[in-house]
Structures are given as C-alpha cells and as structure tokens.
2 protein chains.
Amino acid sequence: MAAEMDLPGIPDKRIDFYFDFSSPYSYIASEWVEALAARHARTVRWHAILLGATFQAAELKSPVSHPIKREYSMLDFERSALFEGVPLTMPEPFPIPTQNAARIFWWLHAQDPQRATAWSHHGLRAYFTRGINLSDNEALKQLAAEFGLAPADAEAVWGDPAWKLKLKQANEQAVACGVFGAPFFMIDGEPFWGNDRRAQMAQWLEKGPFQGPMSRL
Amino acid sequence: MAAEMDLPGIPDKRIDFYFDFSSPYSYIASEWVEALAARHARTVRWHAILLGATFQAAELKSPVSHPIKREYSMLDFERSALFEGVPLTMPEPFPIPTQNAARIFWWLHAQDPQRATAWSHHGLRAYFTRGINLSDNEALKQLAAEFGLAPADAEAVWGDPAWKLKLKQANEQAVACGVFGAPFFMIDGEPFWGNDRRAQMAQWLEKGPFQGPMSRL
C-alpha cells in the first residue's frame with residue numbers, strides 16, 4: 001500500500017479516479033489515467049462505484065436512458081475509443097449492474113490496492129472488448145478464476161454484508177465529494193468529469209490552476 | 001449568401017453549428033468554429049436554436065437545473081473558457097430565455113447569413129463578457145442599436161409571428177436532425193456534441209471517419 005499512503009509533510013500527490021465497471025467512458029479513461037499520472041509523478045487511487053447511486057443522489061438519469069441521447073452516445077463511445085487508441089466493442093447487454101464486480105474490487109483493495117487496480121482492468125477489458133457480462137454470476141466467477149481467484153471466494157465476497165456495506169460507503173463518499181457521473185477525477189480538490197477532460201487535466205497537472213486566457217487556437 | 005450555397009456537383013463543404021445564446025459552451029465554441037472550418041476549407045452554417053426546445057423533445061433537463069451538476073458546471077464553464085483562451089465572465093441571471101435574440105438572428109439570416117453570424121458573436125460576447133441580459137427587452141434594443149439596427153425594427157422582428165414561426169421551425173429542424181444539446185455540430189452527417197469535441201472534429205475534418213486504434217497517448 002506504500003504507493004497510496006501520504007508521506008508525512010509531503011503534499012498529496014494523488015489522482016482520485018471514480019469509475020463504474022459498466023461505463024464505456026470510464027473504461028477508456030482507465031486505459032490512460034495511470035500513464036497521465038506517472039508523467040506527473042502522481043499515483044492513482046481507484047474507486048469502484050455504482051453510477052446508479054450517484055445518478056440517484058444527483059437526481060439525474062443515465063444518458064443512455066434517453067432514446068435520442070442513447071443513439072448519439074453509442075456512436076460517441078466507439079468514436080472516442082478510436083480517438084484514444086483504445087480497443088472497444090460495445091457489449092450486449094448494456095448497461096449492466098456491476099455491484100458484484102465492484103465488491104470484489106473493494107475486497108481486493110483492502111488487501112492490496114494495486115491488485116484491485118489489476119482487477120479493474122481485467123473486468124473493464126473483459127466487458128468492453130470480449131463482451132463478458134459482469135452481471136452474470138457464472139461469467140463473473142469464471143472471470144475471477146482467470147484472474148487467479150477461487151470462484152467460491154469471489155461469490156462469498158459479493159454475498160458478504162461487509163463488502164456490500166463497503167461499496168455502499170464508497171458510493172456515499174463519492175457523492176459527498178460531488179461525484180455525479182463517471183469517470184470522475186479529483187486532483188488537489190479540483191473536480192474533472194469525463195473522459196474528454198484529459199487535456200485539461202494534463203494542463204492542470206503541468207501548470208496548476210488555469211489563469212488568464214491561454215490561446216489554444 | 002454565396003458562401004452558404006452548395007455549388008452543383010461540389011460536395012457539401014459545410015459545418016452545421018447549432019447554438020443557444022444562453023449556452024456558455026456554445027459561446028466558447030462560437031469563438032473557434034470559424035477558424036476550425038477555415039483550416040479545412042469549410043464554411044459554417046449557424047443555427048440559433050432554443051436549448052429548452054431540444055431538451056423538451058429529448059426529455060432532458062438542463063444540466064444547471066440539477067444542483068450538484070450546476071456547481072460543477074459553473075466551475076467547468078470558466079475553466080473551459082480559460083483553457084480555450086476565450087474571455088468569459090459568467091453572467092447573472094443565468095440561464096436566460098433567448099428567443100428574441102434568436103428571432104433577430106433568423107431575420108438577419110434571411111437577408112445575409114454573414115450578418116447573422118456577426119449578430120451571434122455580438123450577442124454571445126455581450127452576454128458572456130459584459131453581462132448584458134439578452135432576455136431584457138430594453139437591453140436587447142440597446143444591443144441592437146450598437147449593432148446598427150433600429151431598436152424599433154428589432155422589437156418589431158421579435159414580436160412578428162413570421163419570425164416566431166421561423167425560430168420554431170429551426171428548433172424542429174434541429175430536433176429532427178438529432179440535436180439534443182448545444183453546441184451541436186454536424187459534419188458530413190456525423191454528429192458532434194459539445195465544445196469538448198473540437199479535437200475529434202479536427203481529426204475528422206483532416207482524415208475522415210476514424211478507423212482502427214490511433215494512439216494519442
């Protein structure tokens with residue numbers, strides 16, 4: 001856990017990254033956030049959350065629940081993935097409930113945050129490149145086995161009230177921090193929402209708060 | 001009107017740009033869209049619309065009608081303007097109804113689209129840099145006078161059923177094209193939503209439809 005701990009007297013050098021296993025923009029961002037952080041001597045603290053919980057808290061609905069916006073979003077998911085150089089095949093069904101994958105995340109996180117990060121990549125890539133349905137318990141047990149977990153352990157985790165509570169608390173913590181969508185990033189208290197804020201985040205990491213007009217044209 | 005007409009046998013070389021006079025992201029985009037188009041030998045066809053009409057058609061609400069999202073949006077408007085090098089001072093009140101400014105747009109557009117474009121810049125800059133309330137009829141008459149219009153003519157235009165109908169038709173045309181927010185762009189039938197899609201639009205204009213992974217990391 002050393003990489004995640006704040007050293008005494010050393011300013012916080014983290015990027016907090018909130019994602020949902022069912023969010024295509026979160027998946028795309030998950031493929032660049034570590035490299036962006038590393039270029040600026042930061043570490044990433046990953047937070048698996050449920051978008052449904054944040055939408056409910058903010059009285060929002062998923063963009064794909066609106067027919068007109070869904071059509072555009074489906075196009076934009078694939079175009080944005082191509083633009084970022086990330087392989088993506090939109091899965092069916094979509095979206096899916098992801099609480100079980102997220103509970104495994106928090107269980108792993110309590111032991112070793114880097115292993116939880118590896119599980120995040122494993123789950124996101126399985127859903128968004130191979131169409132593995134993370135809401136299907138048999139498929140999720142198989143995925144856990146691929147990752148080196150005993151399927152029975154995985155199943156025990158997602159049925160365990162302790163990990164249900166931990167995920168609920170993670171959602172509440174996210175909402176308390178102002179998270180209302182995913183991917184959502186916090187850098188030095190500054191919120192950034194969306195895969196499309198990467199360029200602004202890079203600038204922020206390099207130069208700090210934006211001041212005065214900076215022509216990009 | 002020559003710049004807006006399609007020449008026989010020449011492919012359509014336009015960018016359709018849908019905006020609302022009350023939309024900060026539309027204002028930011030209005031400051032770069034002409035330069036982007038010019039670099040790719042395109043012209044811009046401007047469409048003043050009412051976001052309220054597109055939200056209603058798509059069963060959406062304005063992001064700033066959600067308290068949690070409003071707080072983030074207010075921050076993101078200013079940060080995005082700084083990032084793009086566009087001066088912005090968020091006005092009060094915000095948002096505002098903009099049908100009268102839009103009706104003047106369409107009246108000018110029928111005479112000379114470039115004059116309508118100039119009016120768009122005039123109105124957007126007045127609201128977003130000087131806080132001129134475009135929904136206040138006296139302020140709007142004063143703004144029309146600055147632009148070289150007779151205030152009485154401006155007032156007659158926005159009260160005229162013909163220009164009310166024209167704006168209604170423009171909203172309906174936008175909705176029929178899949179527009180559900182602003183700024184919204186159509187390039188060769190491809191929809192792009194948001195000030196933050198500029199980089200993708202530039203790539204599209206340069207190389208056409210995205211194919212295969214293109215690493216940007």
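We name chains A, B, ... by the order of the sequence lines, and we start the count at 1 in each one.
A/F180 and B/Y72 have perpendicular rings, their planes meeting at more than 60° on a 0 to 90° scale where under 30° would count as parallel.
In terms of heavy atoms, A/L82 sits closest to B/Q211 at CD2-C, 4.2 Å.
Contacts between A/L75 and chain B at a heavy-atom distance below 4.5 Å involve the side chain alone, from C-beta outward.
Side-chain atoms of A/Q200 and B/D76, non-hydrogen and from C-beta on, do get closer than 4.5 Å to each other.
The side-chain tip of B/R79 points at the ring of A/F192 from less than 6.0 angstrom away and within 45° of straight on.
Under a cut-off of 6.0 angstrom, the local environment of CH2 in A/W204 is crowded, with over 12 non-hydrogen atoms contributed by other residues, nucleotides or ligands. In the displayed structure, A/W193 atom CH2 is contacted under 6.0 Å by at most 12 heavy atoms of other residues, nucleotides or ligands. By the 6.0 Å contact criterion, CD on B/E71 is open, its count of non-hydrogen atoms from other residues, nucleotides or ligands being 12 or less.
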